[in-house]
Amino acid sequence: TMKEDSRQAVSELRNMGIRVVMLTGDNERTARAIGAQAGVDDVIAGVLPDGKESVIRKLQQYGKVAMVGDGINDAPALTRADMGIAIGAAADVVLMKSRLSDVAAAVRLSRATLKNIHENLFWAFFYNVIGIPLAAGVWIPIFGWTLNPMFGAAAMSLSSFCVVTNALRLNLFNMHDAKKDKKLKN
């Protein structure tokens, strides 16, 4: 039977530009019926655990592959995938509740984290491009600018404070809000 949040989870993933494939050991007829209910892009049925691993390998020829599984039979495929997401098992990402909608939330959180890292790198680079030459005295002959070491230490502390504060904004991020989802390019 289909989990109650499966249709919503598949819809959210598709809205993010993620192609959703149902890979199952169930028979073709049952799998296609459940796949149609869930709204997946494709169904691959009647696959044994070892076969799931080889299907993941074939799908990787088209791009990055995340595998979501909930049993020991999925372990080889979870390991083969670029990102293994397990529901109540061991993988790259482990969903503690048995809700498929948490997959979309995990994708949102990872995107927000990566954006935050890029912002922090930009500001740290910007600060260092200005601050290091100033502290080294490079600007003295050109502009006559000098930097008191006490102000340099304060500026470095302020830079660290800004980076940490920006990272802490992730605590305010609502990973279950699908309103700002953006499709991946390509």
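These figures come from a predicted structure and were not determined experimentally.
- The distance from the CD1 atom of Ile18 to the NZ atom of Lys64 is 13.5 Å, given to the nearest 0.5 Å.
- The side-chain heavy atoms of Asp42 and Met22, taken from C-beta on, include no pair separated by under 4.5 Å.
- For the pair Trp145 and Ile140, the minimum side-chain heavy-atom distance is 4.5 Å or more.
- Note on ring orientation: taking the six-membered ring where Trp is involved, the planes of Trp123 and Phe126 are perpendicular (angle over 60°, cut-offs 30° and 60°).
- Judged by distance alone, the side chain of Ser159 and the main-chain N or O of Ala155 form no donor-acceptor pair under 3.5 Å.
- The same ILVMFWY cluster, assembled from side-chain heavy atoms under 4.5 Å apart, contains both Leu134 and Ile142.
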Report task. Under the side-chain contact (heavy atoms from CB on, under 4.5 Å) rule, what do Val47 and Thr24 come out as? Steps first, then yes or no, please. Result -> CA-CA 6 Å; Val47 184; Thr24 180; over 6 Å; no
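- Heavy-atom neighbours of Phe143 CZ from other residues, nucleotides or ligands within 6.0 Å: above the threshold of 12.
- Within 6.0 Å of atom CG in Asn27, more than 12 heavy atoms from other residues, nucleotides or ligands are found, so the atom counts as buried in its surroundings.
- Atoms CG and CG, on Leu100 and Leu13 in that order, are 7.0 Å from each other to the nearest 0.5 Å.
- Note: the hydrophobic cluster containing Ile85 also contains Met16 (ILVMFWY, side chain heavy atoms under 4.5 Å, direct or indirect links).
- In this structure, the separation between CG on Leu78 and CD1 on Ile56 is 8.0 Å, given to the nearest 0.5 Å.
- More than 12 heavy atoms of other shown residues, nucleotides or ligands fall within 6.0 angstrom of atom CZ in Phe122.
- Taking OH of Tyr127 as the start and CD1 of Ile132 as the end, the distance is 8.0 Å to the nearest 0.5 Å.
- In this structure, CZ on Arg7 lies 14.5 Å from OG on Ser101, to the nearest 0.5 angstrom.
- Remark: the backbone N or O of Asp26 is not paired with any side-chain donor or acceptor of Thr30 at under 3.5 angstrom.
- Connection of Ile87 to Ile34 is established within a shared hydrophobic cluster, with ILVMFWY side chains joined at heavy-atom distances below 4.5 Å, either directly or through further cluster members.
- A donor-acceptor pair shorter than 3.5 Å can be found between the side chains of Asn120 and Asn166.
- Met2 CE: more than 12 foreign heavy atoms inside a 6.0 Å radius.
- Note that CD of Gln8 and NE2 of His176 are 10.0 Å apart. Values are rounded to the nearest 0.5 Å.
- Residues Arg19 and Val40 have side chains not in contact (no heavy-atom distance under 4.5 Å, counting atoms from C-beta outward).
- Within the 3.5 Å criterion, the main-chain N or O of Val20 finds a donor-acceptor partner in the side chain of Asp41.
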Query raised in the report: Given the rule in the salt bridge (Lys or Arg N to Asp or Glu O under 4.0 Å) test, do Glu53 and Lys58 qualify, once you have shown the distances and angles that lead to the verdict?
Result: CA-CA 9 Å; Glu53 189 266 342; Lys58 288 176 187 170; over 6 Å; no
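- Side-chain contact between Arg169 and Glu119: present, with at least one pair of heavy atoms (C-beta onward) separated by less than 4.5 Å.
- Under the 4.5 Å side-chain heavy-atom criterion for Ile, Leu, Val, Met, Phe, Trp and Tyr, Met175 and Met83 are members of distinct hydrophobic clusters.
- In terms of heavy-atom proximity, Glu12 sits nearest to Ala104 at OE1-CB, 3.4 Å.
- For Phe173, the CZ atom is densely surrounded, since the number of other residues' heavy atoms within 6.0 Å is greater than 12.
- Contact check on Asp177 versus Arg108 returns no salt bridge, with no Lys/Arg side-chain nitrogen under 4.0 Å from an Asp/Glu carboxylate oxygen.
- At least one side-chain heavy atom of Gln60 sits less than 4.5 Å from a side-chain heavy atom of Arg80.
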